Novice: 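Below is the structure I would like to discuss, written out as structure tokens.
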Protein chains: 2
Amino acid sequence: MAGPNIDDIDMQILGELQQDGRMTNVELARKVGLTAPPCLRRVRALEEAGAIKSYHAVVDPAMLGYTITVFAMVSLKSQAEADLKAFQDHVASLPEVRECHMLNGEIDFILKVVARDLQSFQQFLTSKLTPAPNVVSVKTSLTIRTSKNQPGVPLPV
Amino acid sequence: MAGPNIDDIDMQILGELQQDGRMTNVELARKVGLTAPPCLRRVRALEEAGAIKSYHAVVDPAMLGYTITVFAMVSLKSQAEADLKAFQDHVASLPEVRECHMLNGEIDFILKVVARDLQSFQQFLTSKLTPAPNVVSVKTSLTIRTSKNQPGVPLPV
DNA sequence: TATGAAATACTTCGCCC
DNA sequence: GGGCGAAGTATTTCATA
């Protein structure tokens, strides 16, 4: 599934931008051994193709007033595709849910939920998540501390 | 814990950069109602203070040849602070581990692990993670698909 | 600490190889 | 596809209030 038209230079570009999303195009070009124009063309093509999905600053959640990060393990009554899809669509509309991963095994989904405080989290849990259609059980674990949080994939570096 | 010197404009800056990490400084300045120079000074100050930790492009893992994302639930023998710290330091050195969160309850840590394929994941599991000091149990769940994956915190939008 | 202008650097286009 | 040069912007510093 590594796109057919992705070559070594594209891979380097993806790796560099994953590591530093604000790198200037000229610096990126220098690192991958191109001049600026073709480098920029490749970046645009990678964005078009969906290889680069977005760019984000990683912000300390506490600085924005969010103190609670919770992992929620959700099991559904039915694992029919339409029901799985319905659940995914539901949580996609909930801003507190930052990630939703469908898993194998007993747990159907793991969600990463971010909330301002315990009270707002509990309100989210009881009014938004647990009463969702098809939900059988929701087990939550509070994050005490996060010691590593790197987006993306391991780099060959 | 929202830093003492963070005002409303800083909050807006954090929100905008979280949403679009490649926004130009002039556009950011326009959105928050400043001119470019003071806006840039604020961004630099936020970076210095650690409110903005880093910038990243979100890359499709499959495009870089990584097809496996696994959540690993790890329990330790001892929860003494020194032992917790030792485990954290160990996984911090493993590039396959992208996230490490310490949880409350029976599970001590949840890790997000990214690997190229099942074989390299199993090698990682048996040679790097399970034999780590103090580890009692490691339960892993393969990600079938990820339907939502947004970094950061919910935005007031 | 914000502003406005000026110097520097980056982005991006057209064209050629 | 990549490279060169030029035009249009953006970034960044400095003087000023």
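Just so you know, these numbers come straight off a predicted model, no measurement behind them. Excluded from the calculations below are hydrogen atoms, water molecules and symmetry mates; all remaining heavy atoms, backbone and side chain alike, are included.
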Novice: Between C/dA2 atom C1' and B/Leu40 atom CG, what is the distance in whole Å?
Specialist: 14 Å

Novice: Please test A/Tyr55 against B/His56 for ring pair (Phe, Tyr, Trp, His ring centres under 6.0 Å), starting from the C-alpha separation and ending with a verdict.
Specialist: CA-CA 6 Å; A/Tyr55 300 89; B/His56 301 279; over 10 Å; no

Novice: Go through the side-chain N and O atoms of A/His90 and A/Gln88 and say whether any donor and acceptor fall under 3.5 Å apart.
Specialist: no

Novice: Do NZ/NE/NH1/NH2 and the carboxylate oxygens of A/Glu16 and A/Lys31 come within less than 4.0 Å?
Specialist: yes

Novice: Output the rounded distance in Å from CD1 (A/Ile9) to P (D/dG1).
Specialist: 11 Å

Novice: Salt-bridge test for A/Asp89 and B/Lys148: reply yes if a basic N is under 4.0 Å from a carboxylate O, no otherwise.
Specialist: no

Novice: Does one side chain, of A/Asp117 or A/Ser120, offer a donor that lies under 3.5 Å from an acceptor on the other?
Specialist: yes

Novice: Can you list, pair by pair, the side-chain donor-acceptor contacts under 3.5 Å of residues 128-138 of chain A, counting residues two or more places apart and other chains?
Specialist:
residue, atom, partner, partner atom, Å
A/Thr130, OG1, A/Leu125, O, 3.0
A/Asn134, OD1, A/Lys77, N, 3.4
A/Asn134, OD1, A/Ser78, N, 3.0
A/Asn134, ND2, A/Ser78, O, 3.1

Novice: For the pair made of CE in A/Met23 and P in D/dT11, what is the distance, rounded to whole Å?
Specialist: 17 Å

Novice: Between D/dT12 atom P and B/Asn25 atom CG, what is the distance in whole Å?
Specialist: 7 Å

Novice: Please give, in whole Å, the distance from D/dA10 C1' to A/Glu27 CD?
Specialist: 17 Å

Novice: Summarise protein proximity over nucleotides 3-8 of chain C in one line of letters, 5' to 3': B for base, S for sugar-phosphate only, - for none, counting protein heavy atoms closer than 4.0 Å.
Specialist: BBB---

Novice: Between D/dA10 atom P and B/Lys31 atom NZ, what is the distance in whole Å?
Specialist: 14 Å

Novice: Less than 4.0 angstrom between a side-chain N/O of A/Arg44 and OP1 or OP2 of C/dT11, yes or no?
Specialist: no

Novice: Nearest to the side chain of B/Thr24 - D/dG1, D/dA10, C/dC10?
Specialist: D/dA10

Novice: For A/Ile13 and D/dG1, give me the distance from atom CD1 to atom P, rounded to whole Å.
Specialist: 12 Å

Novice: Rounded to the Å, how far apart are A/Asp7 CG and D/dG2 C1'?
Specialist: 12 Å

